[in-house]
Amino acid sequence: GVILCVAAMALGAMAIMIGVQLAGTYGQGMLGAIYIIGGGVAIVAAIAALTGAVEEATGISAIWWAAIAGIIGLLGAMAGG
């Protein structure tokens, strides 16, 4: 479980870096913002899962974090189209 959380945090950080690059270098501000928000949600969800107290740490259940990440991923895929 810890390895999966660390991988999710690493991928979240990578998504944030890609979002910054998209917004800055390529002028795709909206797509970059979606990547940055998605990366942040992934990192927060991974930290909450790593602590074992998702609802107590964030006030949101784990299933809602998964749904938020899925919706942001879908928006990113549609915007990158």
Side-chain angles (χ1 to χ4, degrees):
V2 173
I3 294 172
L4 185 59
C5 290
V6 170
M9 286 188 278
L11 289 174
M14 188 173 77
I16 290 173
M17 290 187 294
I18 291 170
V20 169
Q21 184 179 18
L22 282 171
T25 305
Y26 301 109
Q28 296 289 328
M30 181 64 73
L31 184 60
I34 291 171
Y35 270 73
I36 291 169
I37 293 168
V41 168
I43 290 172
V44 168
I47 291 171
L50 191 60
T51 62
V54 177
E55 289 187 51
E56 294 167 5
T58 62
I60 300 173
S61 67
I63 192 71
W64 279 106
W65 278 112
I68 292 167
I71 291 167
I72 291 173
L74 177 64
L75 290 174
M78 290 189 308

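One-based numbering along the sequence shown. Every heavy atom of this structure was used, including side-chain atoms; hydrogens, water molecules and symmetry mates were not.
- Here the closest heavy-atom approach between residue Gly12 and residue Ala42 is recorded as CA-CB, 4.1 Å.
- Between Leu50 atom CG and Leu4 atom CG the span is 10.5 Å, to the nearest 0.5 Å.
- Linking ILVMFWY side-chain heavy atoms closer than 4.5 Å, directly or via other members, places Trp64 and Leu74 in a single hydrophobic cluster.
- Between Ile37 and the choices Ile68, Ile72, Ile16, the side chain to side chain contact (heavy atoms under 4.5 Å, CB included) rule is met once, by Ile72.
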Apply side chain to side chain contact (heavy atoms under 4.5 Å, CB included) to residues Met17 and Val20 and explain how you reach the verdict.
CA-CA 5 Å; Met17 290 187 294; Val20 169; 5.8 Å; no
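- A continuous path of ILVMFWY side-chain contacts below 4.5 Å connects Ile71 to Val44, so both sit in one hydrophobic cluster.
- Both Met14 and Tyr35 are members of a single hydrophobic cluster when ILVMFWY side chains are connected at heavy-atom separations under 4.5 Å.
- Leu11 and Leu22 fall within the same hydrophobic cluster, defined by Ile, Leu, Val, Met, Phe, Trp and Tyr side-chain heavy atoms under 4.5 Å apart, directly or through other members.
- Met78 and Leu31 are members of different hydrophobic clusters when ILVMFWY side chains are connected at heavy-atom separations under 4.5 Å.
- To the nearest 0.5 Å, atom OG1 of residue Thr51 and atom CD1 of residue Ile47 are 8.5 Å apart.
- Residues satisfying the side-chain contact (heavy atoms from CB on, under 4.5 Å) test with Ala23, not counting sequence neighbours, are none.
- Taking each heavy atom of Ala8 and Ala46 in turn, the nearest pair found is CB-CB, 3.8 Å.
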